[in-house]
Amino acid sequence: MYRYLLTFTLLVCLTACSNWTGDGNAVSDKVDRMAITVWLPMQSLKANALMLEQVNAFNDNQGNIQVQLTLIDPVNYSAVLKKAQQDKQLPTMICLNLNQLRVFAEDGLLQPLDKMMSQRLWQDLLPDLLEKGHIGTHIYGVPAVDKPDQELFWAVFNQAEDQAEDKVATMAFIHYLLHPKQQRSAVASGYTQPVTYSAMQ
């Protein structure tokens, strides 16, 4: 009974907190002080600068949540991932291509995102992009970069089931990155296509 109650409380908390995250409004009053580690392969200078700018803006808005972004040379990214995969020392949030996403999910290293996604995020994401992140019966990744020659997905390391606050904070950042305000900036930089319906309006 306790486990069911905990699960229900977790899902309610995740759904409620996610309502704040799209435009960067603070969720810090809902979680304790924590750091979210994020890995991303370097892209263009313009795209890298935009990502750092978005992280700084998010951190400035969140008193208790701080994103620690690591940009990794794409030449070394696969090797870094492989070592982290073997050591099971992954960041909270990681950027993977579709093949990597499948391998990590099948190895049990990723947290399914289905139950952590708010109804608003479900409705905003394009169905074909949701389908790409779908492996088996769960969604393990949501789009980070969508281009004809490159598809990258945000995925979340498989943390302990009771770390509700970590999940809330992580999904807050994912919602923030996928919000139309951030999407329009990304599209303007020329390194991605809009991934939400609202970003296309």
Side-chain angles (χ1 to χ4, degrees), residues 7-31 34 36-40 50-51 54-55 57-59 61-62 64-65 67 69 91-98 101-102 104-105 110-147 151-159 161 163-187 191-201:
T7 302
F8 177 76
T9 303
L10 167 63
L11 294 179
V12 169
C13 182
L14 287 169
T15 302
C17 289
S18 65
N19 292 333
W20 280 285
T21 62
D23 56 3
N25 291 336
V27 296
S28 294
D29 58 339
K30 299 295 179 182
V31 300
M34 67 178 61
I36 302 171
T37 53
V38 179
W39 289 0
L40 174 70
L50 174 63
M51 189 64 188
Q54 290 177 337
V55 167
F58 181 85
N59 286 343
N61 192 257
Q62 305 293 332
N64 288 350
I65 305 171
V67 173
L69 174 66
T92 310
M93 188 171 147
I94 194 167
C95 197
L96 302 170
N97 66 35
L98 194 53
L101 183 72
R102 183 172 299 279
F104 275 60
L110 301 181
Q111 179 73 38
L113 301 181
D114 319 40
K115 295 179 181 178
M116 291 191 278
M117 292 170 62
S118 71
Q119 191 63 34
R120 176 178 175 180
L121 186 57
W122 274 102
Q123 292 171 347
D124 280 351
L125 286 173
L126 295 168
D128 61 328
L129 290 169
L130 282 174
E131 184 60 32
K132 290 176 183 177
H134 209 114
I135 298 171
T137 58
H138 295 289
I139 293 175
Y140 286 94
V142 291
V145 175
D146 177 44
K147 293 179 68 176
E151 292 173 350
L152 297 177
F153 294 82
W154 290 121
V156 177
F157 179 54
N158 197 5
Q159 302 156 309
E161 287 296 323
Q163 291 181 317
E165 289 186 345
D166 283 22
K167 294 175 183 177
V168 170
T170 304
M171 290 309 295
F173 186 51
I174 289 178
H175 279 237
Y176 174 77
L177 292 176
L178 296 180
H179 189 269
K181 183 177 179 181
Q182 278 58 248
Q183 283 289 300
R184 291 189 185 101
S185 300
V187 172
Y191 83 100
T192 188
Q193 297 174 6
V195 298
T196 63
Y197 284 123
S198 49
M200 300 174 70
Q201 295 174 356

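Just so you know, residue 1 is the first one in the sequence shown, and it goes up from there. Worth knowing before you read on, the calculation uses all heavy atoms, side chains too, and leaves out hydrogens, waters and symmetry mates.
Contact annotation: the side chain of T137 never approaches that of P112 to less than 4.5 Å [non-hydrogen atoms, C-beta and beyond]. Side-chain contact between L178 and L121 is present, with at least one heavy-atom pair separated by less than 4.5 Å. At least one side-chain heavy atom of L130 sits less than 4.5 Å from a side-chain heavy atom of M117. In this structure, F153 and I139 have side chains that are not in contact, with every pair of non-hydrogen atoms separated by 4.5 Å or more.
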Applying side chain to side chain contact (heavy atoms under 4.5 Å, CB included), run through R102 and L96 and close with a yes or a no.
CA-CA 9 Å; R102 183 172 299 279; L96 302 170; over 6 Å; no
Assess the residue pair D124 and H179 against the criterion (side chain to side chain contact (heavy atoms under 4.5 Å, CB included)); give the C-alpha distance rounded to whole Å, side-chain angles, the decisive distance to 0.1 Å, and a yes or no.
CA-CA 9 Å; D124 280 351; H179 189 269; over 6 Å; no
Audit row: I174, V156, side chain to side chain contact (heavy atoms under 4.5 Å, CB included) steps and yes/no
CA-CA 10 Å; I174 289 178; V156 177; 4.0 Å; yes
Hey, mind stepping through I135 and L110 against side chain to side chain contact (heavy atoms under 4.5 Å, CB included) and telling me if it holds?
CA-CA 11 Å; I135 298 171; L110 301 181; over 6 Å; no
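The two residues C95 and L40 make their nearest non-hydrogen contact at SG-CD1, 3.5 Å. In terms of heavy-atom proximity, Q182 sits nearest to Y176 at NE2-O, 2.8 Å. Annotation for A169 and I36: closest pair O-CD1, 3.3 Å, computed over non-hydrogen atoms. Nearest heavy-atom pair, W154 versus W39, reported as atom, atom and distance to 0.1 Å: CZ3-O, 3.9 Å. Here the closest non-hydrogen pair linking Y140 and A155 is O-CB, 3.5 Å. Across all their heavy atoms, L98 and K132 have their closest contact at CD1-O, 3.0 Å.
Atom NE2 of residue H134 and atom CG of residue L101 lie 11.5 Å apart, to the nearest 0.5 angstrom. Note that CE of M93 is 15.0 Å distant from CZ of F157, once rounded to the nearest 0.5 Å. Atom-to-atom distance recorded for Q54:CD and L177:CG is 6.0 Å, nearest 0.5 angstrom. With values rounded to the nearest 0.5 angstrom, F173 atom CZ is found 10.5 Å from I65 atom CD1. In this structure, M116 CE and T170 OG1 are separated by 7.5 Å, a value rounded to the nearest 0.5 Å.
Partners of S185 under the side-chain hydrogen bond (donor to acceptor under 3.5 Å, both in side chains) rule, at least two apart in sequence or in another chain, do not exist in this structure. The side-chain contact (heavy atoms from CB on, under 4.5 Å) test applied to A186 returns L50, Y191, T192, not counting sequence neighbours.
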